[in-house]
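Starting off with a structure, shown below.
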Amino acid sequence: KQEVTQIPAALSVPEGENLVLNCSFTDSAIYNLQWFRQDPGKGLTSLLLIQSSQREQTSGRLNASLDKSSGRSTLYIAASQPGDSATYLCAVRRGAQKLVFGQGTRLTINP
Amino acid sequence: DAGVTQSPTHLIKTRGQQVTLRCSPKSGHDTVSWYQQALGQGPQFIFQYYEEEERQRGNFPDRFSGHQFPNYSSELNVNALLLGDSALYLCASSFGAGDQPQHFGDGTRLSIL
């Protein structure tokens, strides 16, 4: 059974810092890994999707890496801003469409 | 281009009642998946519908059932509601039942009293 863990559960940093969110998964036979952002009471917004054959993906200030063999992914956020405050979720998929999510990291960026 | 839309946005029910949640997929999408997200937790997969059939199911009891219509919209039905069913219910749509990314709606917040 695939299990996804995110550490830390919560993180609070001052504005402008670079930060790293971690995601680990127990079964390395994944199809892809996706990072989502969730604002309070809202749905999920996809940030980055990394196929199993890829090592990393970048979008603006965000960079996600994938090490499938060790079952780890990181989301790097550069020059954090208060608008980055949200919960960040990672999810893995194997085969068909079912996504398995971690519990999320609640990020607070302090002005 | 409308994204995934869900209705209602909020719903309050009492234990033992039944509820129906609705989802309209993003234009061009034909596959709908439903997830349950308890407070402070990550979403849990309930089931997926493609070509009007349930294709996959997560670890949820038979009280949870669904339907997909010819226009690809979908309903999630929950019978005999329990306090533990209080959660945000998310719908995600995609094209095909393969490897295309899922797009999520804003969810329905269900509260059971």
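Order of the sequence lines sets the chain letters (A, B, ...), proteins ahead of strands, with each chain counted from 1.
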Tell me whether A/V100 is reachable from B/F47 by hopping between hydrophobic residues (I, L, V, M, F, W, Y) whose side-chain heavy atoms are closer than 4.5 Å.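 As far as the 4.5 Å side-chain criterion goes, A/V100 and B/F47 are not connected within one cluster.
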Please flag which part of B/Q6 lies under 4.5 Å from any non-hydrogen atom of chain A: side chain, backbone, both or neither.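 Neither; nothing under 4.5 Å.
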Should we say atom CZ of A/R55 is surrounded by more than 12 heavy atoms from elsewhere, each under 6.0 Å from it?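 It does not: A/R55 CZ has 12 such atoms or fewer within range.
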Are A/F101 and B/I46 linked, directly or through intermediate hydrophobic residues, by side-chain heavy-atom contacts shorter than 4.5 Å (ILVMFWY only)? no
Sort by residue number and list every member of residues 69-91 of chain B having a non-hydrogen atom under 4.5 Å from chain A. B/L88, B/L90
Neighbour count >12 (heavy atoms, 6.0 Å) for atom CG, B/L113: yes
Can you tell me how far apart CD (B/Q56) and NZ (A/K98) are? Round to the nearest 0.5 Å. 7.0 Å
Could you report the tightest heavy-atom contact between A/L89 and B/G42, atom names first, then the distance? CD2-CA, 4.1 Å
Does atom CZ (A/R61) have a neighbourhood of more than 12 heavy atoms from anything else shown, all under 6.0 Å? yes
In terms of heavy-atom contacts, A/L99 and B/F45 come closest through O-CB, 4.2 Å
When you group the ILVMFWY residues by side-chain heavy-atom contacts below 4.5 Å and let the links chain together, are A/Y88 and A/Y76 in the same group?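 No: no chain of side-chain contacts under 4.5 Å links A/Y76 to A/Y88.
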Give the cluster check for A/L49 versus A/W35: same hydrophobic cluster or not, with ILVMFWY residues linked at side-chain heavy-atom distances below 4.5 Å. no
Within the 4.5 Å heavy-atom criterion, are B/Q37 and A/Q38 side-chain neighbours or not? yes
For A/K42, is the NZ atom crowded, meaning more than 12 foreign heavy atoms sit under 6.0 Å from it? no
What one should report as the nearest heavy-atom pair of A/Q34 and B/Q102 is NE2-O, 4.4 Å
Would one find more than 12 heavy atoms of other residues, nucleotides or ligands at under 6.0 Å from atom CD of A/Q2? yes
